[in-house]
Number of protein chains: 2
Amino acid sequence: MATMKDISKKANVSLSTVSAVINQSAYVSPELTKRVTDAIKELNYRPNAVARSLKKKSTETIGVIVTDILNPFYPPMIKGIEDVAFDHNFNVILCNTSNEHNRISTYLELMLEKQVDGLLLANIATSADLNEIEKTGLKYVLINRKPPFYDKNFVGINNTLSSELAVNHLVRQGYKRIAFFGGDLKINTARERRSGFISCMMEHGLDVDPKLVFEGEYSLDSGYNNVKKMLMEVEQLPEAICTVSDVVAFGVIKGLRDAGIRVPDDIAVMGNDNSAFSEHFLVPLSSVDHSSYEMGKLSMELLLQVIKEKEAMADRQIILTPSLVVRESCGVNRNT
Amino acid sequence: MATMKDISKKANVSLSTVSAVINQSAYVSPELTKRVTDAIKELNYRPNAVARSLKKKSTETIGVIVTDILNPFYPPMIKGIEDVAFDHNFNVILCNTSNEHNRISTYLELMLEKQVDGLLLANIATSADLNEIEKTGLKYVLINRKPPFYDKNFVGINNTLSSELAVNHLVRQGYKRIAFFGGDLKINTARERRSGFISCMMEHGLDVDPKLVFEGEYSLDSGYNNVKKMLMEVEQLPEAICTVSDVVAFGVIKGLRDAGIRVPDDIAVMGNDNSAFSEHFLVPLSSVDHSSYEMGKLSMELLLQVIKEKEAMADRQIILTPSLVVRESCGVNRNT
DNA sequence: ATGAAAGCGCTAACAG
DNA sequence: CTGTTAGCGCTTTCAT
């Protein structure tokens, strides 16, 4: 690879002149400029970003840490991140922990060593994890989940509202006895969606049967297993099931099907997330869209601001508004 | 951030001693070693990978270029890549062209500047693209698709066989009049799958009606539109449809459904890819698994070898064997 | 076995 | 306006 030195020789100018034309950081006479650009072309010169980074202490690279790229929630988010990174000539180092929690420390160290300019982390839910992140001293923004009392840079979604949208739809469809298939209550999104469900039910003057409120995980298996459990333990089945996320809804529908229960004819099922595939699922899933592409985009834009700002800027929490997506899994309005 | 210099001062040893203990590149007396490691801990020192890279001319970073991370084909592949990268302390810079073909040049330049140790590129199908890649002088391996006459490092799948598996299954189910919904014939995978289909049909002594062989793209819309076309143009519908990929099959099934044609009762549909959601699709899709996770893994392993080898090593083409996955979309055996 | 010093390719004072 | 020079943080001969 040609270096700046090669260019300076070829063009018969000094190093700083070469640097000046490359970075347009100072006026250079048209003549010298041409000599330099010609030499660059001739030698097919490309600046060495590693050397530049060493000097400038900035790599124009950020790290993105996600738990499982196989989860359909992530690809749109990553695309959003990558799109704005690309527009700003930043690169994205992808770190996929594959749900192995201990990988995160290793990634954090690697990112530190590689001198990334910042970090984007999806689904950090515990103070312990947050601590590790803080210890790196890197700039960062959290996405989607957040640890207790977290009040720094964040972009997420109004989870309470997402449940309300779901319940309202179900109620409008005429369902009254509604179950909730939730997630891990250690995670704020699961807590908020659950409480949004309960309060909205009360708002409608509807009972929530404690036997019909399940905890679980954000996984298909969790939905499937909780259906089994419900079928065993509950004598009077619900008319509708409100789930904490689409993947859970997928599991629920599978479980119901396996038990010979039709969706939506016998029981309606509502998702939450609107993941890529819900539209094409066994039974097209009504859901609540969280626009994870937008989340990715906004989080990267926020991070970029944080990075550019020399002085620490005020932290910001961006909360997106979810929107209802009606498909087939909750049937047709019963009232009409 | 603490630097090696800080450590050397604190531990009262020379820079080279510090370097030696960090890299275990030379014997250092236990005593000095301890002084150094203590200092490292005390100052919470992390080596600066940028500086190291500048010196060593290697970044332990590779670039991965894909066309669209939203395509369910990619996440498993990327996961495979990332998993082996992680095991070797490599990082992955993700480049998502979002199907904007011109983005690829920009990414290539960025990767060059960032001095990545190598490149993994999925779905490079033209000689023009290949040329651009070659011009960078970077080490690379191609995944899945390949340009005409390409005989360098590659990991892909036996596309001919994938069609044969599909046809054999369909024939075994008793179908005789079988359509083929293909892809863009400029792409080798589409060509190979198509010719695999035709030759396997002939092998079985079955006619292939030219009106029942469609070109298209690897997209849902393509499948959908070709169904419409078929419905308009063909008087006698096929008993089964063999598709070039799952997304096409998705479109086909949607199109058939919209026309009131049931799958598999009226027409059977076979996928090819076995993408993540096929199992949960409207009608669970029978398909041919390409194990894209494995492809990702193997390609990264191959690239790592290429990078480690000082002398150019012989190029290698790894062709994986697909396997049949039977679900519901091709119905139950008609012969029994 | 340890240390001194040169240099990776670039940027940014500073001088002229 | 252009050139000289001193590093950025690290590795690696080469002496000692």
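Below, chain A is the first sequence line, B the second, and so on; all start at residue 1.
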query = Rounding to a whole Å, what distance do you find between E60(B):CD and dC10(D):C1'?
reply = 14 Å

note = Residue set satisfying side chain to side chain donor-acceptor pair (under 3.5 Å) with Y218(A), at least two apart, ordered chain then number -> T189(A)

inquiry  = Measure CG/L32(A) against P/dG3(D) and give the value in whole Å, please.
reply    = 6 Å

query = Side-chain donor-acceptor pair under 3.5 Å between N144(A) and Y74(A), yes or no?
reply = no

query = Does NZ or CZ of R316(B) come closer than 6.0 Å to the centre of the six-membered ring of F154(B), within 45° of the ring's axis?
reply = no

request  = Give the angle between the helix axes at the two ends of the helix from dA1(C)-dT16(D) to dG16(C)-dC1(D), taking five base pairs at each end and rounding to 10°.
outcome  = 40°

request  = Would you check if there is a donor-acceptor pair between the side chains of K186(A) and T126(A) at a distance under 3.5 Å?
outcome  = no

ask   = Any donor-acceptor pair under 3.5 Å linking the side chain of K114(B) with the backbone of E60(A)?
value = yes

query = Is a side-chain N or O of T3(A) found less than 3.5 angstrom from the main chain of K5(A), in a donor-acceptor match?
reply = yes

query = How many angstroms lie between atom OG1 of T106(A) and atom CD of E100(A), to the nearest 0.5 angstrom?
reply = 10.0 Å

request  = Check the surroundings of atom NZ in K10(A): do more than 12 heavy atoms from other residues, nucleotides or ligands lie under 6.0 Å from it?
outcome  = no

request  = Give the B/S/- string for nucleotides 9-16 of chain C, one per nucleotide from 5' to 3', where a protein heavy atom under 4.0 Å of the base yields B, of only the sugar-phosphate yields S, and otherwise -.
outcome  = BBBB----

Kindly give the atom pairs (protein nitrogen or oxygen, nucleotide nitrogen or oxygen) under 3.5 Å for nucleotides 14-16 of chain D.
none

key: Distance in angstrom units between N12(B) CG and dA1(C) P, rounded   = 21 Å

query = What are the residues of residues 33-40 of chain B, sorted by number, that bring a heavy atom to within less than 4.0 Å of DNA chain C?
reply = none

query = Quick one: do the N23(B) and S19(B) side chains pair a donor with an acceptor below 3.5 Å?
reply = yes

task = Give a yes or no on whether the backbone of S29(A) and the side-chain of T33(A) come within a donor-acceptor separation of less than 3.5 Å.
result = yes

inquiry  = Hydrogens and angles aside, do Q115(B) and S53(B) bring a side-chain donor and acceptor to less than 3.5 Å of each other?
reply    = no

query = Cut-off 3.5 Å, side chains only: do D129(B) and H101(B) have a donor facing an acceptor?
reply = yes

request  = Please list, chain by chain and in numerical order, all residues satisfying side chain to side chain donor-acceptor pair (under 3.5 Å) with S127(A), sequence neighbours excluded.
outcome  = none

message = Please tell me if S29(B) has a side-chain N or O lying less than 4.0 Å from either OP1 or OP2 of dT2(C).
response = yes

